[in-house]
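Inspection log for the structure reproduced underneath, given as structure tokens.
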Amino acid sequence: MTYALGTSRGTMTKAPLVLIDVETKEGITGRSYIWCYFSAGVPALTKILEEVERVVAGAKLAPLDLWRRLAERFALIGVQGIVRMAMAGFDIAAWDALARAASLPLTALLGSAPTPIPAYNSCGLGLMRSPELVADEAEKLLESGFRAIKLRLGYPKLREDIAALRAVRNRIGPQIAIMVDYNQALGLAAALERGRALDEEAIYWLEEPIRHDDYTGYAALVRELKTPIQIGENFSESPAMAGALAAGAADYVMPDLERIGGVTGWQRAAALACIHRVEMSSHLYPEVSAHLLAATPTCHFLEYVDWAAPILEQPLRIVDGFALPPDAPGNGLVWNARAVEKYRIA
């Protein structure tokens with residue numbers, strides 16, 4: 001990773017990716033990748049992908065039907081965790097193959113047109129030893145023209161959170177949007193205390209301060225705080241998002257392309273956001289998410305990370321703070337074979 005990412009859940013310096021190719025008899029290949037968080041997850045995911053391959057081999061390339069078939073196959077285990085990761089990875093690659101077969105960008109296949117998407121830089125700004133180091137990194141993250149960045153908080157003391165935030169704000173100025181992410185570090189009482197303090201600091205949103213599925217707690221935060229509450233990266237398929245929205249647990253939502261169930265699950269989530277009139281952003285997977293956000297009625301922000309960029313022939317372009325989904329067939333993922341070999345771990 002370009003920047004070490006220190007969060008309340010640990011520090012990450014590497015991004016283990018499983019690359020998935022779906023090959024069709026017609027010679028078209030669809031591609032996706034799944035981030036495994038840590039290397040120990042790689043063999044488990046690839047083992048489940050072997051079963052996915054067995055179940056779908058020879059089937060017609062119809063992602064909605066194949067999702068149902070795989071959900072039935074894994075029903076007794078449950079479409080969660082590693083199983084959902086494998087299914088989502090296959091689904092993303094299947095939609096890519098379908099778009100390539102139609103000679104359409106994925107966005108166009110879904111009924112929209114490639115369009116610039118507002119993006120914020122989420123590559124770094126983790127927990128660090130001093131506010132000055134955080135501010136230094138914030139400056140670097142704006143070099144590509146970004147107008148918004150994400151800052152991780154969750155230091156032991158509230159005053160340390162405020163010191164880091166103010167150091168960044170003083171360095172980058174008032175015109176840059178700062179999103180704040182706690183990675184579920186707090187209990188409800190602490191979230192209320194720190195949230196009220198952050199209400200005075202003009203942040204753009206407050207992301208996942210408490211346990212991701214505590215929708216009652218989040219509803220209290222929505223009621224009590226002025227700063228908008230952002231959740232969603234841990235929605236496990238669209239029913240979880242439906243439950244959160246029904247509980248009034250968020251001002252904004254940001255599904256993760258893998259956890260929401262790939263392209264198939266994203267479309268269901270986008271429909272929910274539209275019905276509830278809630279702005280919807282993405283979590284990670286910026287290359288494919290740029291296509292999907294362009295087809296999302298309540299499109300908000302794309303979370304940009306460059307973790308896959310070193311292995312791509314054409315990394316996602318960012319111009320003046322906007323992500324530009326490519327106007328070419330598919331989802332934009334084409335592996336750089338030499339780079340893949342350079343970084344291969346298995």
Side-chain angles (χ1 to χ4, degrees), residues 15-36 41-74 77 79 81-110 237 256-268 282 284-292 295 307-308 311-316 325-326 328-337 339-341 343-346:
L17 308 176
V18 170
L19 310 187
I20 301 169
D21 287 358
V22 170
E23 299 176 349
T24 68
K25 289 183 179 178
E26 292 79 11
I28 292 172
T29 300
R31 300 175 182 86
S32 71
Y33 66 83
I34 294 294
W35 178 46
C36 291
V42 170
L45 176 56
T46 54
K47 195 66 179 177
I48 297 296
L49 280 167
E50 290 175 7
E51 180 63 9
V52 169
E53 181 181 18
R54 186 192 69 78
V55 172
V56 304
K60 185 176 178 63
L61 188 63
L64 300 180
D65 297 339
L66 293 174
W67 184 274
R68 284 193 293 268
R69 180 186 294 192
L70 289 167
E72 290 174 2
R73 173 66 185 96
F74 292 116
I77 299 177
V79 182
I82 291 290
V83 169
R84 186 200 57 233
M85 292 169 74
M87 287 177 56
F90 169 74
D91 181 86
I92 297 163
W95 278 99
D96 182 41
L98 206 60
R100 291 177 187 275
S103 297
L104 291 171
L106 177 59
T107 295
L109 185 70
L110 298 177
E237 297 195 80
D256 176 275
L257 179 57
E258 175 271 301
R259 290 189 178 118
I260 205 66
V263 175
T264 296
W266 180 281
Q267 293 178 89
R268 296 166 180 165
S282 63
L284 306 183
Y285 303 100
E287 300 84 8
V288 182
S289 295
H291 284 270
L292 298 177
W307 302 344
I311 60 166
L312 298 179
E313 286 285 354
Q314 293 183 316
L316 180 65
N331 63 18
L333 295 178
V334 178
W335 314 132
N336 180 316
V340 168
E341 288 305 314
Y343 291 107
R344 180 185 291 273
I345 59 174

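Hydrogens, waters and symmetry mates play no part in the numbers below; they use all other heavy atoms, side chains included.
- Side-chain atoms of Asp256 never come within 3.5 Å of backbone atoms of Leu284 as a donor-acceptor pair (strictly under, hydrogens ignored).
- Here the closest heavy-atom approach between residue Ala97 and residue Thr29 is recorded as CB-C, 4.4 Å.
- We find that Glu51 and Arg54 are joined by a salt bridge, their nearest charged nitrogen and carboxylate oxygen being less than 4.0 Å apart.
- Annotation: the span from Leu17 atom CG to Tyr343 atom OH amounts to 11.0 Å, rounded to 0.5 Å.
- In this structure, Leu70 CG and Arg84 CZ are separated by 14.5 Å, a value rounded to the nearest 0.5 Å.
- Across all their heavy atoms, Ile34 and Leu45 have their closest contact at CG2-CD2, 3.7 Å.
- If you take CZ on Arg68 and CG on Leu64, they are separated by 6.0 Å, rounding to the nearest 0.5 Å.
- Between the CZ atom in Arg259 and the CE atom in Met85 there is a gap of 8.0 Å [rounded to 0.5 Å].
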- Report the C-alpha separation of Ile20 and Tyr33 in whole Å, then their side-chain angles, then the decisive distance to 0.1 Å, and conclude whether the side chain to side chain contact (heavy atoms under 4.5 Å, CB included) test is met. CA-CA 6 Å; Ile20 301 169; Tyr33 66 83; over 6 Å; no
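- The two atoms that bring Arg100 and Gly332 nearest to each other are NH2-N, 4.3 Å, heavy atoms only.
- When atom types are taken as modelled, the side chain of Tyr285 and the backbone of Gly262 share no donor-acceptor pair closer than 3.5 angstrom.
- The line from CG of Leu19 to CD1 of Ile311 is 4.5 Å long, rounded to the nearest 0.5 Å.
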- prompt: Should Ile48 and Phe74 be marked as a side chain to side chain contact (heavy atoms under 4.5 Å, CB included) after you check the CA-CA gap, both sets of side-chain angles, and the distance that decides it?
  reply: CA-CA 10 Å; Ile48 297 296; Phe74 292 116; 4.0 Å; yes
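- When all heavy atoms are compared, the tightest approach of Leu333 to Glu287 is CD2-CB, 3.8 Å.
- With hydrogens and angles disregarded, no donor-acceptor distance shorter than 3.5 Å links the side chain of Thr107 to the backbone of Ala295.
- Evaluated for a side chain to side chain contact (heavy atoms under 4.5 Å, CB included) with Leu61, the options Val56, Leu98, Ile28 yield exactly one hit, Leu98.
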Review point. Which is it for Val288 and Trp95 under the side chain to side chain contact (heavy atoms under 4.5 Å, CB included) test, yes or no, and what are the steps along the way?
Key: CA-CA 10 Å; Val288 182; Trp95 278 99; over 6 Å; no
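- Side-chain atoms of Asp96 come within 3.5 Å of backbone atoms of Asn331 as a donor-acceptor pair (strictly under, hydrogens ignored).
- Between Val22 and Ala93, the shortest heavy-atom distance links the atoms CG2-CB, 3.5 Å.
- The shortest non-hydrogen separation linking Ala99 to Pro105 is CB-C, 4.3 Å.
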* Do Met87 and Arg73 pass the side chain to side chain contact (heavy atoms under 4.5 Å, CB included) test, and can you show the C-alpha distance, the side-chain angles, and the key distance before you say yes or no? -> CA-CA 11 Å; Met87 287 177 56; Arg73 173 66 185 96; over 6 Å; no
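- Separation of atoms CD1 (Ile92) and CH2 (Trp266) is listed at 10.5 Å; rounding is to 0.5 Å.
- Counting heavy-atom neighbours within 6.0 Å of Glu313 CD, excluding the residue itself, gives a total above 12.
- Side-chain contact between Val79 and Trp67 is present, with heavy atoms from C-beta onward closer than 4.5 Å.
- Around atom CD of Glu53, no more than 12 heavy atoms belonging to other residues, nucleotides or ligands sit under 6.0 Å away.
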